[in-house]
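Notes to accompany the following structure.
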Amino acid sequence: MLRALADCNNFFASCERALNPALQGVPIVVLSNNDGCVVARSAEAKVLGIPMGAPFFQVRRLCETHGVHVASSNFEVYGDFSNRVMEALAEHARDIEVYSIDEAFMGFPDLTDEQAFVLGHSIRNDVLARTGITVSIGLAPTQVLCKLANELSKKDPKTSGVYLMPTDVAKRLELLRSIPVDSLWGVGKGTASRLRAYGVITVADLAEIEPERIRSFAGVVGERLALEVRGVPCHGIVEESSPRQSILSSRSFGNPVTQRDNLAEALAHHAFRASEKLREDGLVAGTIVAFARTNRHREDQEQQDAEAVIRLDPPTHDGRRMAAAITQAMDAMWIPGFQWKRAGVYLADLSSSGVTQPGLPGLGPAEPVQRRKLMEVMDALNAEHGKDAVRLASTGLERIWKPKAERLTNLTVKNAPAEVVKPEGDSRVKRTRIRFHE
DNA sequence: TCTGGGGTCCTAGGACCC
DNA sequence: TCTGGGGTCCTAGGACCC
């Protein structure tokens, strides 16, 4: 089977440009939450030498000097673009696995090299025409090789955005000999240094070593990698997404929080946000962890973590119950005298809601009817009138803990076509696994 | 002054049991 | 000084990804 990885180029920056055609040719930078770091750069911004992940305050001058358009990230809008890209991709593939907000693996029946090229280009053209987003296509027999092919397509302008990994094994090995093993998907710093210690320097080295031997020093992860670069698929294209195992809602504060009440409000807010995601997926949680941290980057300040772990018995998806539990836990959690920079709520021990567990007396339906109804009504109102249209009083009125987002693209009728902001429903692409991050 | 927010999977080691 | 052997389950933390 032939596989492909389609990956949107400079995705968030491309979305901003698609929303505002006046940005054609203008360097664009998109900032992370709280306007903290650079998380996406248009090609022009890369040329200016703005590094990925740079704290914005370090590149602010550079941006001003060169007239860079700087945008706060707007994940709702990027999610809509993503949906439309994935729908277009799905029409071309036999199987599709939406891997992240801007990437999808696709499966095709076997094709000749010629056919693969033609297919790659027609996918690219179609997605561009329908969404305004440019994708790069890497074609190969395994997902790890697809990743590599995709990178090569982006690096080399001659490929015009479509790269097919050589099907001839000797040719492929020759190519892989020039690629360092740490550029592989799944090889980070730790694995790279372990591999180096055993003489595995290039991807070809990995392809030539006995997979069983790899296992002794790089574990099953290394073994799978070795097989994949040989062209033996270990990852299938997963169309059915498995249920989530954890949910996190957290943010940095626009300004450090020093008052207990403000931290409590922020945590109640995150608890409710997390509970919304839980209900969306039809799950209940058995454990909440509420946490707060001081600013790791301030070496002049004493650091502190605060954490409260709360068991929910029976498990729940009731945001009110969670917020109340956290409010109670504040006594144990609160440590005065620190400047809290970030806080959040983590949900674990997730299981399907409405399921009674056999053999466990007392574990009836997850929630009493009236509690469920209340959440349903709140979710419905917020879906219709926008996030936070109705919210828990415990999340506060002033909300001085809110993160910064000072450069949000103004979605007026003029620059936001209706179908961009509110795409057609009924996507046939399963997106339950999609995660809204870059 | 100012530094993101999600996730998954694997492993090692401890608790516990027979 | 010396003090079994094996199995399972759970958890914390590391590594990695986007």
Side-chain angles (χ1 to χ4, degrees), chain A residues 5 7-8 10-12 29-40 51-61 63 70 72-75 78-79 82 97-105 143-144 147 150-151 182-195 215-225 234-235 238 241-256 270 273-274 277 281 286-287 289 291 293-301 305 307 309 339 341-350 403-407 432-438:
Chain A
L5 174 67
D7 188 320
C8 300
N10 319 323
F11 183 53
F12 299 164
V29 145
V30 179
L31 302 181
S32 63
N33 277 300
N34 211 30
D35 292 347
C37 295
V38 172
V39 294
M52 179 66 171
F56 179 57
F57 72 88
Q58 286 176 5
V59 295
R60 175 177 230 136
R61 286 293 297 276
C63 290
V70 180
S72 299
S73 41
N74 188 338
F75 287 92
Y78 307 152
S82 174
E97 176 186 352
V98 177
Y99 178 72
S100 76
I101 194 166
D102 71 340
E103 292 167 279
F105 288 105
Q143 296 194 3
V144 170
K147 262 309 219 200
N150 193 284
E151 275 169 38
D182 59 2
S183 59
L184 277 182
W185 182 44
V187 176
K189 264 193 204 145
T191 311
S193 74
R194 203 164 321 133
L195 288 172
R215 191 171 189 153
S216 67
F217 62 87
V220 294
V221 176
E223 187 181 6
R224 280 203 288 257
L225 270 171
C234 298
H235 305 281
V238 185
S241 58
S242 43
R244 290 207 227 222
Q245 299 181 22
S246 63
I247 288 174
L248 180 66
S249 172
S250 75
R251 283 288 181 282
S252 293
F253 298 122
N255 295 300
H270 288 301
R273 265 288 115 76
K277 298 186 197 177
D281 283 11
T287 303
V289 183
F291 64 88
R293 286 178 198 152
T294 48
N295 189 343
R296 287 295 128 90
H297 302 285
R298 291 291 297 263
E299 285 174 14
D300 57 320
Q301 290 181 353
D305 282 2
E307 190 183 88
V309 181
Q339 306 227 332
K341 177 60 182 166
R342 185 172 163 230
V345 166
Y346 177 80
L347 303 181
D349 295 328
L350 308 189
K404 275 188 287 195
E406 292 166 350
R407 298 156 183 273
T432 39
R433 202 162 192 171
I434 194 71
R435 295 171 305 255
F436 291 107
H437 58 191
E438 195 203 30

Students often mix this up, so state it plainly: with edges at 30° and 60°, are the rings of A:F12 and A:Y78 parallel, tilted or perpendicular? parallel
Students often get this wrong, so: under 4.0 angstrom with heavy atoms, is A:I247 touching a base, only sugar-phosphate, or nothing? sugar-phosphate
With a 4.0 Å cut-off on heavy atoms, is A:R194 in touch with a base, just the backbone sugar-phosphate, or nothing at all? nothing
Would you kindly give the NZ-to-P distance between A:K277 and B:dG7, to the nearest whole Å? 4 Å
A:Y99 side chain: which of B:dT3, B:dG4, C:dC18 is closest? C:dC18
Expressed as a whole number of Å, how far does the C1' atom of B:dC16 sit from that of C:dG4? 16 Å
Within residues 183-191 of chain A, the residues having a heavy atom closer than 4.0 Å to DNA chain C are A:L184, A:W185, A:G186, A:V187, A:G188, A:K189, A:G190, A:T191
Mind calculating the distance between CG (A:N10) and C1' (C:dC18) to the nearest angstrom? 14 Å
In this structure, how many angstroms lie between the C1' atom of C:dC18 and the CG atom of A:L248, rounded? 15 Å
Listed by chain and number, what are the side-chain contact (heavy atoms from CB on, under 4.5 Å) partners of A:Q301, not counting sequence neighbours? A:R298, A:Q339
Suppose we screen for ring pair (Phe, Tyr, Trp, His ring centres under 6.0 Å). Which residues come up paired with A:F57, at least two apart in sequence or across chains? none
Ranking C:dC18, B:dT3, B:dC9 by distance to the side chain of A:R224, first place goes to B:dC9
Salt bridge (Lys or Arg N to Asp or Glu O under 4.0 Å) involving A:E223 - partner list, sequence neighbours excluded: A:R215
B:dT8, OP1 or OP2 - any side-chain N/O from A:S246 closer than 4.0 Å? yes
Looking for any heavy atom pair under 4.0 Å, which part of the strands does A:R60 touch: base, sugar-phosphate only, or nothing? nothing
On DNA chain B, more 5' by nearest nucleotide between A:V220 and A:F56 is A:F56
Ignoring hydrogens and angles, tell me if any N or O in the side chain of A:S72 forms a donor-acceptor pair with the backbone of A:R407 under 3.5 Å. yes
Across all chains, not counting sequence neighbours, the salt bridge (Lys or Arg N to Asp or Glu O under 4.0 Å) partners of A:K341 are none
Examine B:dG5: is either OP1 or OP2 under 4.0 Å from a nitrogen or oxygen in the side chain of A:S252? Give yes or no. yes
Starting the side chain at C-beta, find the nucleotide from B:dG4, B:dG5, B:dG6 nearest to A:R342. B:dG5
With a 4.5 Å heavy-atom cut-off, do A:Y346 and A:V309 have their side chains touching? no
Can you measure A:F12 atom CZ to B:dG6 atom P for me and round it to whole angstrom units? 12 Å
Pair pattern of DNA chain B in dot-bracket, where unpaired bases get dots and | marks partners in another strand, Watson-Crick or G-U under 3.5 angstrom: ....||||||||||||||
Rounding to a whole Å, what distance do you find between A:R244:CZ and B:dT8:P? 8 Å
Among B:dG5, B:dG7, B:dT1, which nucleotide has an atom closest to any side-chain atom of A:N33? B:dG5
Separation of B:dG6 atom C1' from A:Q245 atom CD, nearest Å, is 14 Å
At under 4.0 Å, does any side-chain N or O of A:R298 touch on OP1 or OP2 of B:dT1? no
To the nearest Å, give me how far apart NZ (A:K341) and C1' (B:dC2) are. 8 Å
For the side chain of A:S100, counting heavy atoms from C-beta on, which of B:dG5, C:dC18, B:dT3 is nearest? C:dC18
Those residues that, when tested against A:L350, pass side-chain contact (heavy atoms from CB on, under 4.5 Å) (two or more places apart): A:R244, A:I247, A:L278, A:L283, A:A285, A:L347
Test of understanding: with salt bridge (Lys or Arg N to Asp or Glu O under 4.0 Å), list the residues that count as partners of A:D349, not counting sequence neighbours. A:R311
Starting at CZ of A:R296 and ending at P of B:dG4, how long is that distance when rounded to a whole Å? 12 Å
Minimum side-chain heavy-atom gap A:V39-A:L31 below 4.5 Å: no
Salt bridge (Lys or Arg N to Asp or Glu O under 4.0 Å) against A:D35, all qualifying residues, sequence neighbours excluded: none
State whether A:S32 places a side-chain N or O below 4.0 Å from either non-bridging phosphate oxygen (OP1 or OP2) of B:dT3. no
